[in-house]
Every structure is written in structure tokens, then in C-alpha cells.
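Worksheet: one structure, shown below.
All chains are named by letter (A, B, ...) in the order of the sequence lines, taking the proteins before the strands, and each is independently numbered beginning at 1. Just so we're clear, the structure is a prediction, and the values are computed from it rather than from any experiment.
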Number of protein chains: 2
Amino acid sequence: MLSLVEENYLKTIYHLSDGGGQQVSTNAIADAIKTKPASVSDMIRKLDRKGVISYTKYQGVNVTSEGISAALKVIRKHRLWEVFLVQHLKFNWDEVHEVAEQLEHIKSPLLIERLDEFLGHPKVDPHGDPIPDSQGVIKARPQIKLGDLSPKSEGLIMAVNDSGSSFLQHLDKIGAYLGARILVVDKEEFDSSLRVKIDDGEILFISKEVASNILVEELTS
Amino acid sequence: MLSLVEENYLKTIYHLSDGGGQQVSTNAIADAIKTKPASVSDMIRKLDRKGVISYTKYQGVNVTSEGISAALKVIRKHRLWEVFLVQHLKFNWDEVHEVAEQLEHIKSPLLIERLDEFLGHPKVDPHGDPIPDSQGVIKARPQIKLGDLSPKSEGLIMAVNDSGSSFLQHLDKIGAYLGARILVVDKEEFDSSLRVKIDDGEILFISKEVASNILVEELTS
DNA sequence: TACTTAATTTAGACTAATCTAAAAAATAAT
DNA sequence: ATTATTTTTTAGATTAGTCTAAATTAAGTA
Ligand SMILES: [Mn+2]
Ligand SMILES: [Mn+2]
Ligand SMILES: [Mn+2]
Ligand SMILES: [Mn+2]
């Protein structure tokens with residue numbers, strides 16, 4: 001059984017490791033969790049002892065298969081709660097993340113299965129992120145960064161890489177939303193900014209930073 | 001701002017004080033929270049410093065008006081979540097208390113107001129306990145213990161005094177539920193047990209312990 | 001290879017919450 | 001009014017999680 005703090009570390013490490021693939025450094029964890037590297041050293045030793053990561057000093061950490069399954073359980077809860085907040089409590093997609101950070105730690109297998117059922121077994125959360133099923137199976141969808149779309153091609157907005165409210169409010173402002181059709185009019189060599197059209201609207205400028213946090217599925221036209 | 005543990009202490013003290021009325025002793029708190037009196041001594045000094053209770057050594061504690069309002073906020077959340085679990089996630093009334101003990105600590109004013117709205121501003125929880133409104137106003141309903149009902153009189157089951165699953169499962173077994181009509185056939189002098197009829201069903205025996213945890217509104221027949 | 005810098009770990013200290021054992025105060029009983 | 005008992009508080013330790021500062025290891029550079 002993991003504490004709330006341990007769950008947060010594990011989830012963060014899982015994300016940084018790209019689903020268990022990459023090795024993760026102490027500093028990267030400290031950065032993501034907004035804590036000090038010294039605290040991370042302590043915690044990863046503990047998580048290693050609990051078997052959810054494997055760690056050798058100065059070598060960074062890897063998530064074990066038990067760790068992956070535990071992380072996916074937390075992520076499943078986080079994303080199901082986000083769906084609930086948006087679909088039933090009229091939250092905007094930029095208001096859900098903070099609350100879901102708390103709700104994801106509620107311990108009750110019955111609760112989460114009933115919530116999943118209540119929501120109709122949703123496949124993605126309000127940010128387009130896939131929701132692991134009760135077995136921990138998560139299916140990725142083919143999606144690339146908007147910034148990697150070639151000029152003149154078109155895509156559908158499938159997900160966002162940043163669930164912070166400032167980014168999402170910016171998307172609201174420019175009229176971008178999940179499911180929107182987006183056409184890359186052209187791309188500026190110098191700063192990698194884009195000019196795009198959303199749903200055949202007027203031309204908008206999009207910075208490299210924004211473009212890298214919008215995930216699209218290319219439309220084969 | 002109170003920690004999760006402080007919220008639990010305050011809520012317990014509020015309940016033991018009967019809504020802020022009575023003074024509460026260290027041992028009573030320790031008993032209710034299943035902790036040691038030494039721990040309670042530490043905590044009540046802290047809660048006093050935070051202004052939610054007033055405490056003088058060896059004198060027990062009283063809940064302040066700030067304390068009452070903070071306790072009612074936690075209780076409101078607890079009871080709203082219980083309604084959600086029963087009405088929307090198909091939980092039985094004996095399954096909700098443990099989960100609500102966790103959910104009551106989620107911090108988000110928006111969440112709780114939206115949940116209240118989603119639920120249609122319910123007035124009581126699945127155990128018949130009144131839900132404070134967003135201003136912290138809680139209106140008690142006239143109800144007495146089943147054990148205090150005189151023989152031959154009839155009442156409606158309005159609430160239960162014990163939300164533990166074993167008690168509630170017992171009620172399920174004998175067919176007692178909120179809203180049921182209950183007739184006291186007669187009362188045994190010796191052990192204060194009752195013989196009752198629920199909704200004109202067959203005669204049942206009810207012990208003093210059970211009778212004191214069932215709250216009824218007397219029917220003026 | 002030797003030196004410099006960056007990353008990581010350890011040492012020691014702190015807060016929150018808890019416990020056991022012992023001391024002090026308040027009640028109850030002779 | 002003295003004891004005896006119960007209640008409450010204090011003293012000292014423990015665990016989880018965090019921090020700063022110092023030591024250690026690894027990596028980068030000349
Ligand atoms: Mn989120
Ligand atoms: Mn999300
Ligand atoms: Mn309850
Ligand atoms: Mn209840």
C-alpha cells in the first residue's frame with residue numbers, strides 16, 4: 001500500500017519515464033514534483049524497497065511492472081474524475097486538474113468501478129488522454145504534435161500535453177478544442193511558429209510552445 | 001486552513017459536543033478517534049491556537065463559532081458525498097460511510113457547490129442526517145429514539161444514529177429503512193426490548209441497543 | 001590524464017502526528 | 001481531611017516527509 005505522497009512520486013516517475021520505458025534522473029523528479037533532490041533521494045530508496053521502482057545509486061530509476069500497474073491505477077482514477085467533473089458538474093477543462101489531483105488518492109475499488117460505469121466507460125479524459133481500463137490496459141492513439149504537421153496539411157485536435165489552466169484558457173481564447181479541425185497554413189522557419197486555421201475560421205498565429213502542446217491526428221486529404 | 005487530521009478531530013469534537021453545546025473531555029475524544037489521550041492533549045492545544053476550539057488545561061474543550069462553521073463544512077461534504085454514492089453510484093447505505101470519510105477532505109469550494117446542485121440540494125443524507133446548506137445552516141427535525149416511543153404508538157423512521165455497516169445490514173435484514181412506518185406492539189420492562197411491526201408486516205423483536213439507534217417521528221394517530 | 005563542473009547522496013535538523021511511561025491535577029472514597 | 005483512583009498532561013521517542021549544507025560520485029573539458 002502506497003501513501004498519498006508515494007503515489008504522487010510514482011505517478012510522476014511513470015510519466016517522466018514515458019510509461020516505464022526510459023530511465024529517470026533524480027533531478028528530473030525533483031523538478032517535476034517541485035521538491036529538492038535530497039528529498040527525492042530519500043523517497044526513491046523507499047519506493048525501491050517497496051518494489052515499485054528499481055534503483056541503484058547514481059544510476060537513476062526504472063519503474064517495475066508492479067510500479068506501472070500501480071501508477072496506471074492512480075492515472076485511471078485521475079482521468080475518470082476529470083470526466084465526471086466536466087460531464088456532470090459543469091467544470092471547464094481548465095478547472096479539473098487540481099481537484100483530480102486530490103480525488104485520485106481516494107481508496108475504494110468499488111467507487112472507481114462504479115464511477116467508470118456511471119460515466120459509461122469513457123476512453124479519454126477532457127484533455128484527450130486515454131483512460132486505462134480496469135485491467136490497466138491503456139491504448140495509445142496515433143497522434144503527433146501540431147508543430148510536426150507539415151504546412152498545408154490538416155489535422156484533428158486529439159489531446160493536449162499541458163493540463164494547466166493558463167494553457168487551456170489560451171486554447172479557449174483562440175477557439176481550439178478537442179475534435180476541432182486545424183489547418184496549417186504555413187510555418188515560420190525562424191521561430192517555428194505557425195499560422196493556422198481552426199474550423200475554417202480566420203488565420204491565427206501559434207507559437208512553437210503552444211504548437212508542441214497540441215496533439216493532432218493527421219487528416220489524409 | 002486545517003489539515004486532514006485536524007479536520008477529523010474537529011468534526012469528532014463537534015459531534016461529541018452535540019453541535020457545540022457541551023464541553024468535551026480529553027478521554028472522550030481519544031475514545032472516539034481511537035487514539036491515546038496523550039495525542040489528544042497535543043492536538044487540542046493546536047486546535048485552540050488555531051481558534052476553532054477553546055481549551056484550558058484539565059477543563060475540557062468547547063467548540064468556538066469558527067470551529068462550528070468549519071466542522072459544518074466538513075459534515076456538509078461528508079453527507080453530500082454519501083447522497084451521491086447512493087443515488088448515482090448504486091452504493092448501499094451501509095457502504096458509503098468509509099468512502100465519505102475520505103471524500104469529505106477534498107478541498108474545492110466549486111466542487112462542493114456543483115455537487116450540491118447536481119444532487120438537487122438534498123436535505124438529508126442516506127442515514128437521515130440533515131445536510132447543512134452552503135451557509136452552514138442546519139435544520140434539525142423533530143425526532144425521538146424508537147426506544148422512547150410509547151407502546152401502541154406509531155412512528156416513521158427518520159434517521160439512524162449509527163452509520164456502521166453491521167448495524168445498517170441488520171436493519172436491512174429486518175426490513176427497516178428510512179421512511180418505513182413502525183408500530184410499537186409492546187415493550188419488555190426487564191430489558192427494554194421492543195416488539196414492533198414494520199409496514200404492517202409480522203411482529204419483530206428489537207433490542208434496546210437497536211431501538212436507541214433508530215430515530216422516528218411520532219405519528220399522531 | 002587532471003581539473004572543473006554538475007548531479008547525486010548523506011548528515012543533521014525540522015514539523016506533524018503518534019505512542020509509552022511517568023508526573024501532575026482533579027475526583028472520588030474512606 | 002487524608003488517601004486512593006481516575007483523568008489529564010508532560011517528557012521523550014518514533015515515523016513520514018521535507019529542507020539546507022556538506023560530502024561524494026559522475027561527467028565534461030582542457
Ligand atoms: Mn489532470
Ligand atoms: Mn487530464
Ligand atoms: Mn457517514
Ligand atoms: Mn451519513
Side-chain angles (χ1 to χ4, degrees), chain A residues 1-18 22-63 67 70-71 74 98 101-102 104-107, chain B residues 1-17 22-63 67 70-71 74 101-102 104-107:
Chain A
M1 192 90 312
L2 299 178
S3 74
L4 184 150
V5 172
E6 289 167 343
E7 283 188 346
N8 280 336
Y9 269 90
L10 178 60
K11 188 183 60 153
T12 300
I13 295 169
Y14 172 86
H15 281 133
L16 290 172
S17 75
D18 236 318
Q22 320 274 359
Q23 196 154 56
V24 182
S25 77
T26 299
N27 273 355
I29 299 168
D31 242 51
I33 291 189
K34 291 186 218 311
T35 182
K36 301 296 168 186
S39 308
V40 173
S41 279
D42 284 342
M43 183 54 80
I44 60 185
R45 198 179 313 107
K46 188 149 61 122
L47 291 175
D48 176 278
R49 280 198 302 267
K50 292 206 172 189
V52 290
I53 63 176
S54 77
Y55 162 59
T56 36
K57 278 202 285 199
Y58 296 102
Q59 300 287 122
V61 302
N62 285 95
V63 187
V74 178
E98 299 288 297
E101 281 296 317
Q102 299 176 59
E104 71 187 3
H105 302 291
I106 303 291
K107 261 113 183 149
Chain B
M1 192 90 314
L2 300 177
S3 74
L4 184 149
V5 172
E6 289 167 343
E7 283 188 345
N8 281 335
Y9 270 89
L10 178 59
K11 188 183 58 152
T12 299
I13 295 169
Y14 172 85
H15 281 133
L16 290 172
S17 77
Q22 320 273 0
Q23 196 154 55
V24 182
S25 78
T26 300
N27 273 355
I29 299 168
D31 242 51
I33 291 189
K34 292 187 220 307
T35 183
K36 302 296 167 184
S39 307
V40 173
S41 279
D42 284 343
M43 183 55 79
I44 61 186
R45 198 178 315 108
K46 189 149 59 123
L47 290 176
D48 177 278
R49 280 198 303 266
K50 291 206 172 188
V52 291
I53 63 176
S54 76
Y55 161 60
T56 34
K57 278 202 286 198
Y58 296 102
Q59 300 286 121
V61 302
N62 285 95
V63 187
V74 178
E101 280 296 318
Q102 299 177 60
E104 71 187 4
H105 302 291
I106 301 292
K107 262 120 184 138

If we only count heavy atoms from C-beta on, is the B/Y9 to B/V40 side-chain gap below 4.5 Å?
yes
For D/dT10 and B/R45 - does any side-chain N or O of the residue sit under 4.0 Å from the phosphate oxygens OP1/OP2?
yes
Reckon A/N27 has a side-chain N or O less than 4.0 Å from the OP1 or OP2 of C/dT8?
yes
Need to verify one output field. Residue with the more 5' nearest nucleotide on DNA chain D, B/G60 or A/S3?
B/G60
Please produce a list of atom pairs where a protein N or O lies less than 3.5 Å from an N or O of nucleotides 21-26 of chain C.
residue: C/dA25; atom: O4'; partner: B/Y58; partner atom: OH; Å: 3.4

Return the nearest nucleotide to the side chain of A/S39; candidates are D/dT8, C/dT18, D/dC19.
D/dC19
Atom OH of B/Y55 and atom P of D/dT10 are separated, to the nearest Å, by 6 Å
Could I get the full list of side-chain contact (heavy atoms from CB on, under 4.5 Å) partners for B/E101, not counting sequence neighbours?
B/N8, B/K11, B/H78, B/H97, B/E104
B/D31 CG to D/dT7 P: how many Å, rounded?
10 Å
Gap between atoms NZ and P, on B/K36 and D/dT14 respectively (whole Å)
18 Å
Can you tell which of D/dT18, D/dT9, D/dC19 lies closest to the side chain of A/T35?
D/dC19
So which atom in A/A70 and which in A/L2 form the shortest heavy-atom distance, rounded to 0.1 Å?
CB-CD1, 4.4 Å
I'd like to check the side-chain hydrogen bond (donor to acceptor under 3.5 Å, both in side chains) partners of A/Q102; sequence neighbours left out, ordered by chain and number.
none
Can you measure B/D42 atom CG to C/dT15 atom C1' for me and round it to whole angstrom units?
13 Å
Expressed in angstrom and rounded to an integer, what is the separation of A/I29 atom CD1 from C/dA7 atom C1'?
13 Å
Roughly how far apart are B/L4 CG and B/I106 CD1, rounded to 0.5 Å?
9.0 Å
A/L47 CG - D/dA16 C1' separation (whole Å)
13 Å
Give every donor-acceptor pair under 3.5 Å between a side-chain atom in residues 47-63 of chain B and any protein atom, sequence neighbours left out.
residue: B/D48; atom: OD2; partner: B/Y55; partner atom: N; Å: 2.8
residue: B/K50; atom: NZ; partner: B/M1; partner atom: O; Å: 3.1
residue: B/K50; atom: NZ; partner: B/E6; partner atom: OE1; Å: 3.1
residue: B/K50; atom: NZ; partner: B/E6; partner atom: OE2; Å: 3.4
residue: B/N62; atom: OD1; partner: B/Q23; partner atom: NE2; Å: 2.9

As a test of reading the structure: which of C/dT18, D/dT18, C/dT9 is closest to the side chain of B/M43, going by heavy atoms?
C/dT18
Whole angstrom value for the distance that separates C1' of D/dA16 from CG of A/L2
14 Å
N or O in side chain of B/Y9 less than 4.0 angstrom from C/dT18 OP1/OP2:
yes
For D/dT9 and B/T26 - does any side-chain N or O of the residue sit under 4.0 Å from the phosphate oxygens OP1/OP2?
yes
Show me the donor-acceptor pairs within less than 3.5 Å that the side chains of residues 27-38 of chain A make with the rest of the protein, sequence neighbours left out.
none

Specify the separation, in whole Å, of atom CD1 of A/I44 and atom P of C/dT8.
9 Å
